[in-house]
Every structure is written in structure tokens, then in C-alpha cells.
Amino acid sequence: MELENSEKAKQIVVLLIGPPGSGKSTFCDTVMRSSHRPWSRICQDIINNGKAGTKPQCLKMAIDSLKEGKSVFIDRCNLDREQRSEFIKLGGSDVEVHAVALELSAQVCISRSVKRTGHEGNLQGGRAAAVVNKMLQSKELPKLNEGFFRIMFCYNDADVENAVNTYSMLGPMDTLPAGCFGQKNSDTKSQPAKLGSADTVPTLAFPSISTADFQFDLEKASDIIVEKAEEFLPKLGTARLVLVDLSHGSKILSLVKAKTSQKNIDSARFFTFVGDITKLHSEGGLHYNVIANAANWRLKPGGGGVNAAIYKAAGPDLEAATRVRANTLLPGKSVVVPLPSTCPLHKAEGITHVIHVLGPNMNPNRPDYLNNDYTKGCKTLREAYTSLFEGFLSVVQDHSKLPKRSNQTTVPDSGDNIKEDTERNKKFKGPQDKSVANNLESGSVEGTRDNGKKISKGWSTWALALHSIAMHPERHENVVLEFASNIVVINDQYPKAQKHVLVLARQESLDGLEDVCRENLQLLQEMHDVGLKWVKRFQDEDASLIFRLGYHSVPSMRQLHLHVISQDFESDSLKNKKHWNSFTSSFFRDSVDVIEEVKSQGMANVVSEDLLKGELRCHRCRSAHPNIPKLKLHVRSCRSQFPDHLLQNNRLLAPPQTYQ
DNA sequence: GTTCTAGAAC
DNA sequence: GTTCTAGAAC
């Protein structure tokens with residue numbers, strides 16, 4: 001996911017913003033004197049062999065410095081949006097663009113400029129006052145939606161010192177939180193007052209639907225976003241629509257921005273914004289009250305990206321509130337979920353509603369892949385935005401007590417919608433970098449085309465091994481024990497017990513337990529039966545072996561696979577807590593229970609990966625142990641009876657009359 | 001999923 | 001000093 005800054009070190013471009021005399025150069029010099037991060041100060045006043053140069057010269061030098069691995073100060077006035085925009089474009093996946101706005105009083109700046117001697121820009125003497133005043137006339141305060149990752153406002157020397165310290169302390173590997181810091185009540189001059197203050201205008205923040213994990217073409221998606229926004233803005237009164245993306249170099253944001261600017265759309269009511277959709281108020285200073293979630297068809301937490309982030313930020317309240325409204329969602333549909341006032345998102349950010357939306361899927365590794373059928377895909381994406389914006393409209397109308405529309409046509413009946421898939425846990429996501437394309441032998445992971453560029457499939461190569469075997473067992477004769485039309489049985493390459501085999505499903509798009517639905521019941525039963533057959537075979541050889549059949553809640557490897565594993569756990573490959581807990585905590589879902597759940601509720605329950613981090617307990621006597629070696633020592637000799645739970649419903653498979 | 005390794009724990 | 005874990009890289 002996506003919503004974390006976990007990667008390697010990022011370079012930073014800091015735009016200093018302030019008139020002559022505001023202390024930009026001093027700021028840079030002070031930071032650079034004590035910083036452990038390599039910095040380059042790019043000062044337009046001296047860039048030309050000590051004389052004043054041009055903006056393009058500054059840009060070129062900035063690019064060169066970034067290539068050398070340095071972070072960069074842009075030491076020029078940068079007072080208006082236009083002046084800043086070129087430098088903001090320096091941002092990307094590895095480069096954050098920050099702003100430090102030196103908002104000292106004009107008088108201070110003027111008097112400093114007048115007094116100073118030897119200033120590099122040679123702006124001294126009486127002429128300075130006129131220049132500073134002129135410049136300040138065109139000043140526009142920086143805003144996050146220009147594309148800044150972070151903005152700090154400084155109004156006095158103490159603020160400046162604080163900002164200097166912040167950047168001085170920033171080591172090469174450190175990062176700073178995103179958002180807008182220190183801003184006093186925003187200047188009303190530069191933000192023409194609209195009907196109703198921005199603090200009360202209903203605002204929907206929404207991610208681009210289907211363009212992340214579902215790999216929908218960005219050009220087409222941006223057309224649809226702009227088209228639908230244009231269509232709904234007139235119906236929405238003063239309400240605002242804000243397209244949000246986490247990344248500064250976001251292609252979809254720049255496409256939408258470009259397309260919006262060509263149309264007659266009020267940029268105060270439809271605009272793009274960079275930030276974490278769950279923190280736009282606290283970290284980005286944006287007022288908003290409704291967010292859209294790029295949901296999965298089960299309307300469940302987890303996965304990666306926006307869905308995981310929203311459920312995480314909202315806590316269990318969201319899932320409970322969602323359940324009341326619907327259990328599943330069809331592509332092209334949405335469902336409006338009011339958040340209780342106890343919900344953290346409500347309290348911290350002022351979000352009153354989450355609208356779950358499901359878009360079309362163009363990712364061949366996700367269920368209901370549309371196989372590049374963009375006729376259908378565009379239709380579904382249009383429906384998705386229509387449904388989303390209508391949902392928002394219904395919230396707005398409720399909110400303003402306007403006459404209500406007849407009904408919420410966008411809210412699907414709860415219950416029996418057909419499935420669609422979503423973003424998955426981030427560990428499934430391989431390198432997002434297109435250059436690191438996978439080179440598996442299987443042709444099935446070939447990328448789709450996205451604006452003419454091949455994009456990566458989102459699965460790390462190591463996670464595809466089972467899928468590859470399931471699809472082409474004949475190519476893997478050395479590891480395959482048995483195969484039939486629907487299943488393949490293999491030895492686990494790193495067995496975690498004396499006997500440990502996997503029964504793989506051979507169906508495409510069944511990546512794990514989360515994908516399983518009623519349609520798969522027969523397959524689940526077949527996998528179970530094949531598992532039982534292998535248990536019998538093993539027990540015929542060694543009657544002391546006891547088995548469990550089950551699935552990992554969140555598998556590491558693609559392709560639904562049933563573990564058939566003996567309960568001795570004697571194996572050198574069982575090395576860590578994750579290994580142990582994945583087979584002995586409730587993270588391991590017994591096949592009998594999975595089948596029962598799918599029969600009764602149409603889907604299998606899964607639990608969070610957090611369970612894997614829990615303490616190490618013996619699977620028989622439940623005693624706790626400090627580390628893996630001590631645990632294994634204990635397990636080797638523990639003969640306690642298994643917990644009651646496992647003795648029921650044939651969860652545990654022992655040969656007749658042996659449970660000990 | 002595993003391997004590798006820094007550094008925490010002992 | 002050695003053992004063990006946990007996180008990054010693959």
C-alpha cells in the first residue's frame with residue numbers, strides 16, 4: 001500500500017517563497033551549514049557566474065543537482081503560482097517538493113533590503129522599497145493543491161528558526177510529514193469569498209476509480225472524471241468535488257488538471273489535491289465532509305491502497321456501518337455509508353459519510369477482468385462516477401434539507417450482488433517501477449498497455465510461482481505430485497512439517513481465500529477431498545501423523561492453495577514467528593470451516609495478518625515460549641491433547657483412535 | 001515466499 | 001561473545 005512512505009530516501013526540492021529581504025538566502029545557508037543531507041542552493045541572483053540568471057537556468061541546475069543525489073533549495077522569490085509551477089514539476093516518485101513561505105512583514109523585508117550591503121542580487125538602497133512592494137502585489141500564497149508535499153509558513157523570526165531547525169535536522173534518510181504547517185487564517189484576498197465559507201461547503205474527496213490496481217487507461221479515465229464532474233457540478237449547488245491522489249507526480253491528477261483547464265469549469269469547485277485522503281483536513285488543511293472509497297466487491301477492509309487506508313483510519317465503525325447498508329457491491333455501483341460521530345474519521349477530519357465505489361477491472365490478475373474491452377469498461381466507469389456523485393448529491397441534499405430526491409437509486413440492495421475484486425494487500429504488489437518488468441516464463445503475466453507503456457502486473461515474481469504451476473503443471477513435472485482438470489498437488493517447496501503438501505486450484509483469478517464465493521463451492525470440496533486422500537496416504541505410511549487442512553487468511557503467494565500439513569511441525573524450514581503463527585493461530589482457516597462459511601454466507605471469513613505477529617504458543621497445550629528454538633524444543637516433546645476446538649468437526653485428522 | 005544481515009537480546 | 005529477530009531486498 002501505497003499509503004506509506006516506507007521506501008528509500010527521498011530527495012527534496014524546497015521552494016523558498018518570499019520577497020527580497022525575507023531571509024531566503026540566510027535560511028538556505030543556515031540549513032546547509034549544519035545539515036547532514038547533501039543540499040544544493042540554487043539562487044537565481046548569482047546563477048550566471050555570480051550574476052543574475054534566468055528561471056530556465058535555475059531549472060536546469062536543479063535537475064542536475066537532483067541527478068547528483070542532492071536535495072535542492074530554490075532560492076528565488078517564487079511569489080506566484082505561475083512562477084512556482086515549473087519547479088513543482090521536478091517532483092516525482094523519488095522527489096518531494098516542499099515550500100517554505102517567508103511571510104514576514106513588507107516593512108521588515110524592505111528595511112533589510114535597504115540596509116544590506118553586498119547582497120548578491122544587488123538590490124540595495126532606496127530602490128528596494130519600490131521593488132518589494134511591487135512584487136508583493138502579485139503574491140499568491142502557496143497551496144498544497146499546486147502539488148506541494150509540504151508547506152511551512154513563517155511569520156516571524158521564531159517561525160523561521162523553527163523551519164530552519166526542521167530542515168537542518170533532516171538526515172539523508174529522514175522524511176517530513178506531508179501537509180500545511182503554521183498557516184494563519186488564510187488570506188481572504190487571494191481566495192475570493194464564495195457563497196458560504198469553505199468551512200461549511202459540502203466537499204467530496206475522491207480517488208481516481210479503477211486506475212490503480214485495476215489498471216484502467218489513464219487518458220480514458222481522466223476524460224470520464226472531467227466529463228462527470230462537469231455534468232454534476234451544476235446540480236451540486238455550492239458543493240465541491242476534489243480528486244485526490246497521494247503522489248505528487250500523479251499522472252491522473254495532471255491529466256485531469258489539464259483537461260479541466262480547457263473547459264469552463266469553476267476551479268474552486270472542482271480541483272485536484274495531493275494528500276492522504278484520510279488526512280486532508282488535519283494534514284492538508286482542506287475542509288471536506290464526504291470521501292469516496294475505491295472499495296472491493298465484498299466491502300471489506302484490507303487489500304492495499306485507498307481501501308485499506310480508509311478502513312484503517314475509520315476503525316471498526318466503518319465496517320459495522322457498511323454492513324447495515326450492503327454486503328457486496330457490483331462494478332459501476334456505489335453505496336453511501338454514514339459514519340457515526342464516534343468514528344475517528346468523523347472526529348478528526350469531519351468526515352460524515354464514506355461512499356464505497358467499485359469500478360471496472362482491467363487487470364488480468366483480478367477477477368472479472370474486462371480483457372481490454374474499453375467499450376464496456378468506459379460504460380462501467382461512467383456508471384461508477386454517476387453513482388458516486390449521485391450518492392454525494394443525496395448527502396448534500398440531506399445536509400441542506402433541500403427537497404429530497406425520490407430515492408437513493410445508487411444504493412444497491414444488500415445481499416446478492418455479484419462479485420468484483422479490488423486492490424490487494426500490498427505485499428502482492430511488485431515493484432511499481434515499469435523498468436522492473438517481470439520475466440517469468442509464463443506468458444500469463446504479460447502487461448497490458450497503458451499510454452503506450454508497459455506497466456508492471458503488480459505481483460512480485462516470487463509470489464507467482466504457484467500460479468505458474470497451477471496453470472502449467474506439465475512444465476513442472478519435478479514438483480507436481482498429481483494433477484487433474486481442476487487441481488494440482490505439489491510438495492511445499494519449504495515444508496513446515498514432516499508432511500506438507502499444497503492442493504492448488506487451477507482456476508484463473510482465484511488468488512486466495514478472499515476471492516472465494518459460492519460458485520467455487522464444488523472446487524473447494526474437491527480440493528478438500530483430494531487433501532483427505534493425501535492425508536490417508538501419508539497416514540498409511542506413518543500412523544503417528546496428524547493433519548490439518550486449511551488456508552492462510554492472507555496468502556503470500558498467488559493462487560488459492562490448500563495446505564495439507566502434519567502437526568509435528570518438525571522442519572528446518574519453519575524458522576520464524578510468521579511461519580509458526582500462520583499454521584497455528586486463527587490465521588489458518590480450516591477447510592471444513594471455509595466450506596461451511598461459503599455455503600452459509602457466500603464467502604469465507606479471513607483475519608488480519610496482525611495475528612502473525614502474536615506470541616508464540618504451543619499448538620497443543622497453548623503454553624507460550626520466548627523464541628522459535630525454545631518453542632520447537634517444547635513442541636518436539638509436547639503430548640498434550642489438542643485444544644477442544646480442533647477436536648471438533650474433523651478439523652484435526654488423526655488415524656482412527658489416536659489423538660495423542 | 002526466502003535470504004541476508006544489522007543490531008537487539010541475552 | 002553468541003543467539004535470535006525483524007526488516008529490506010529479491
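A, B, ... follow the sequence lines: proteins, then strands. Residue 1 opens every chain.
- Dashed line: the shortest gap from a side-chain N or O of Lys575(A) to OP1 or OP2 of dA6(C) is not under 4.0 Å.
- Atom-to-atom, NZ of Lys613(A) to P of dG7(C) comes out at 8 Å; the value is rounded to the nearest Å.
- If you check every strand for non-hydrogen atoms under 4.0 Å, Leu466(A) touches nothing.
- Aromatic ring pairs are classed by plane angle as parallel below 30°, tilted from 30° to 60° and perpendicular above 60°; the pair Phe538(A) and Trp534(A) is tilted.
- Among the protein residues, His552(A) comes within range of the sugar-phosphate backbone only, with heavy atoms under 4.0 Å from sugar or phosphate atoms but none that close to a base.
- The CG atom of Asp572(A) sits 14 Å away from the C1' atom of dT2(B) (whole-angstrom rounding).
- Heavy atoms of Lys496(A) sit under 4.0 angstrom from primed sugar atoms or phosphate atoms, though from no base atom.
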Exercise. Please report the C-alpha distance between Tyr494(A) and His579(A) in whole Å, then the side-chain angles of each, then the deciding distance to 0.1 Å, and finally whether the side chain to side chain donor-acceptor pair (under 3.5 Å) criterion is met.
Key: CA-CA 11 Å; Tyr494(A) 298 91; His579(A) 292 153; over 6 Å; no
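- Rounded to an integer number of Å, the gap from Asn627(A) CG to dC10(B) P is 9 Å.
- At whole-Å resolution of the value, CG in Asn491(A) and C1' in dG1(B) are 16 Å apart.
- The pair Arg589(A)-Glu597(A) meets the salt-bridge criterion, since a charged nitrogen lies less than 4.0 angstrom from a carboxylate oxygen.
- In this structure, Trp39(A) and Phe73(A) have parallel ring planes: the angle between them is below the 30° cut-off, well short of the 60° mark.
- Across the protein-nucleic acid pair, Met557(A) atom CE and dT2(B) atom P stand 9 Å apart, rounded to whole Å.
- For Trp462(A), the listed nucleotide lying nearest its side chain is dC10(C); candidates were dT2(B), dC10(C), dT5(C).
- Separating the CG atom of Leu612(A) from the P atom of dA6(C) is a distance of 12 Å, rounded to the nearest angstrom.
- A salt bridge does not link Glu319(A) to Lys312(A): none of the charged nitrogens lies less than 4.0 Å from a carboxylate oxygen.
- Each of dC10(C), dC4(C), dT2(B) was ranked by its minimum atom distance to the side chain of Tyr494(A); first place goes to dT2(B).
- Spacing between atom CG of Leu574(A) and atom C1' of dT5(C) amounts to 15 Å, rounded to whole angstrom units.
- An OP1 or OP2 oxygen of dT2(B) is reached within less than 4.0 angstrom by a side-chain nitrogen or oxygen of His579(A).
- The nearest whole Å value for the distance from the CD atom in Glu615(A) to the C1' atom in dA6(C) is 18 Å.
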